[in-house]
Amino acid sequence: MPNRIPLFSLIIFLTLGGIIQPAFGQALLPHTPQVDTADLENKGLSLAEEAAQLAQFKQYDMALSRAKLATQLAPKNYRVWYLLGKLYLQNDEIDKGIESLQKSRTLEPKNPGIMFALGSANFQKKKYAEAVENLQAGLKLKPDVPGALFDLGNAYYMLRQFSNAIAQYEKAVATEKTFWPAINNIGLIKYEKGDVEGALRQWRSAVAIDQKAAEPLLAMAVALYTKGDREQGLKLGETALRLDNRYADIKFLKENLWGDRLLGDTQKFLETPRIKSTLVQLEEQNLSQP
């Protein structure tokens with residue numbers, strides 16, 4: 001396979017043109033190529049734009065390679081580092097993502113989007129205190145962002161600061177009334193604290209906003225079944241799992257912040273003959289699909 005000249009080297013080579021030989025007797029001086037940094041930065045930004053477009057079509061490997069080159073051509077532009085960081089996170093390369101986002105933050109310390117992305121990355125690394133710090137810093141610059149408030153609530157949740165978590169979830173809902181994930185997570189906290197009726201109210205509210213939201217529907221089903229309303233619980237559980245059978249996976253539920261009490265009750269619920277039969281039917285349907 002022929003060697004390829006890196007684009008950066010190729011640009012410098014083309015910039016040099018021909019090298020004029022020195023006159024006889026003239027001292028040979030080192031030649032310093034004059035690189036048009038503005039032109040290089042424009043090329044970098046163009047590559048970054050291509051990378052963003054490729055990411056929209058989920059072509060992440062191609063997007064990542066262009067974003068890496070963009071940071072070489074435009075190393076002082078915070079946007080290209082931000083894009084590279086986000087692509088690394090999408091590719092589950094969390095450490096590289098954080099490193100790139102930190103470079104972006106150094107170049108543009110007052111950008112809330114960078115803070116929010118760092119908060120999300122640190123949450124994925126289970127560095128919840130750092131996530132809280134990042135998200136709070138971003139919200140000081142741009143308050144009332146529902147997604148960021150929700151992420152902050154989740155970070156407090158993992159730190160078991162439940163009152164703080166609920167306060168952030170409520171702020172998210174106050175900002176965007178249809179933001180049912182925050183309502184759902186208030187239900188998760190209430191269930192873990194033993195307030196089953198309070199949890200059910202939250203999950204009913206979430207389902208009222210989105211009737212196809214499988215998570216609050218299944219949580220409600222488990223709570224009803226556990227407290228004795230078995231027929232209603234089983235019926236709702238079947239509906240929830242038909243909407244999204246990923247919620248039959250305990251690991252997936254744990255990733256969605258379901259607490260120990262709810263997970264234990266869900267495990268028993270999933271072992272009931274009727275729910276097991278439903279899951280078998282769903283598996284057979286999936287296998288029969290081309």
Side-chain angles (χ1 to χ4, degrees), residues 8 37-159 161 164-165 167-176 179 181-182:
F8 184 76
T37 55
D39 184 53
L40 291 181
E41 181 168 2
N42 287 334
K43 287 181 170 64
L45 293 175
S46 179
L47 280 170
E49 186 176 344
E50 285 183 32
Q53 291 173 350
L54 286 165
Q56 288 181 341
F57 292 99
K58 299 184 179 181
Q59 298 183 36
Y60 297 118
D61 289 340
M62 294 174 65
L64 193 57
S65 64
R66 282 165 173 76
K68 287 178 184 177
L69 185 53
T71 61
Q72 295 176 37
L73 298 176
K76 294 183 179 180
N77 190 292
Y78 79 92
R79 293 181 181 87
V80 296
W81 287 107
Y82 174 78
L83 175 63
L84 180 60
K86 293 285 283 184
L87 288 171
Y88 273 132
L89 296 183
Q90 181 65 47
N91 211 38
D92 289 328
E93 297 181 74
I94 311 301
D95 290 332
K96 289 182 179 179
I98 290 174
E99 182 181 353
S100 297
L101 290 169
Q102 290 285 18
K103 288 180 180 178
S104 181
R105 181 183 184 179
T106 300
L107 293 167
E108 183 59 43
K110 297 296 184 181
N111 186 289
I114 299 170
M115 307 294 189
F116 296 152
L118 276 169
S120 177
N122 277 313
F123 187 92
Q124 291 180 65
K125 286 288 290 183
K126 300 183 179 180
K127 295 181 177 180
Y128 304 121
E130 288 89 338
V132 166
E133 181 181 347
N134 297 146
L135 292 162
Q136 285 179 332
L139 286 164
K140 284 181 181 178
L141 295 168
K142 189 175 182 181
D144 300 330
V145 178
L149 290 165
F150 178 69
D151 287 347
L152 181 56
N154 289 342
Y156 278 131
Y157 180 106
M158 297 307 295
L159 291 169
Q161 297 181 25
N164 286 336
Q168 300 309 315
Y169 293 144
E170 288 176 340
K171 286 181 184 178
V173 177
T175 303
E176 185 178 323
F179 194 16

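None of these values were measured; they are calculated from a predicted model. Hydrogens, waters and symmetry mates play no part in the numbers below; they use all other heavy atoms, side chains included.
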Please list all pairs passing the side-chain hydrogen bond (donor to acceptor under 3.5 Å, both in side chains) test where one or both residues lie in residues 135-155, with sequence neighbours left out.
Gln136-Tyr156, Asn154-Tyr169, Asn154-Asn185
Can you find a heavy atom in the side chain of Asp95 that is under 4.5 Å from one in the side chain of Lys125?
yes
Backbone N or O of Gly97 within a donor-acceptor pair of the Ser100 side chain at under 3.5 Å?
no
Which value, rounded to the nearest 0.5 Å, describes the distance between Glu49 atom CD and Leu45 atom CG?
9.0 Å
Say you draw a straight line from NZ of Lys43 to CG of Leu73; how long is it, rounded to the nearest 0.5 Å?
8.5 Å
Which atoms form the tightest heavy-atom contact between Ala117 and Leu89, and what is the distance?
O-CD1, 4.1 Å
Out of curiosity, Leu149 CG to Gln168 CD, how far, rounded to the nearest 0.5 Å?
6.0 Å
Looking only at heavy atoms, the pair that brings Leu87 and Ala55 closest together is CD2-CB, 3.8 Å
Test side-chain contact (heavy atoms from CB on, under 4.5 Å), reference Val132, set Asn164, Asn122, Leu152, output is Leu152
Any donor-acceptor N/O pair, Trp81 side chain to Pro75 backbone, under 3.5 Å:
yes
Side-chain donor or acceptor of Ser104 paired with backbone N/O of Tyr78 under 3.5 Å:
yes
Could you note down all residue pairs passing ring-ring contact (aromatic ring centres under 6.0 Å, His included) where residues 82-103 supplies at least one of them, sequence neighbours left out?
none
Modelled atom types, side-chain donor and acceptor of Asn111 and Glu108, under 3.5 Å:
no
CZ of Arg79 to CG of Leu107: how many Å apart, nearest 0.5 Å?
11.0 Å
Do the side chains of Lys96 and Glu93 get close enough for a salt bridge, i.e. N-O under 4.0 angstrom?
yes
Smallest heavy-atom separation, Ala155 atom then Ala131 atom, equals CB-CB, 4.3 Å
Measure the CG-CG distance between Leu118 and Leu101 for me, rounded to the nearest 0.5 Å.
4.5 Å
Answer yes or no: is there a side-chain heavy-atom contact under 4.5 Å between Tyr60 and Leu54?
no
Can a donor-acceptor pair be found, under 3.5 Å and without considering hydrogens, that links the side chain of Ser65 to the backbone of Met62?
yes
The criterion is side-chain hydrogen bond (donor to acceptor under 3.5 Å, both in side chains); which residues satisfy it with Gln90, sequence neighbours excluded?
none
Taking atom CG of Leu47 and atom CZ of Arg66, what is their separation to the nearest 0.5 Å?
7.5 Å
Would you please test Phe123 and Leu135 for side chain to side chain contact (heavy atoms under 4.5 Å, CB included) and show each step?
CA-CA 10 Å; Phe123 187 92; Leu135 292 162; over 6 Å; no
Glu133 atom CD, over 12 foreign heavy atoms within 6.0 Å:
no
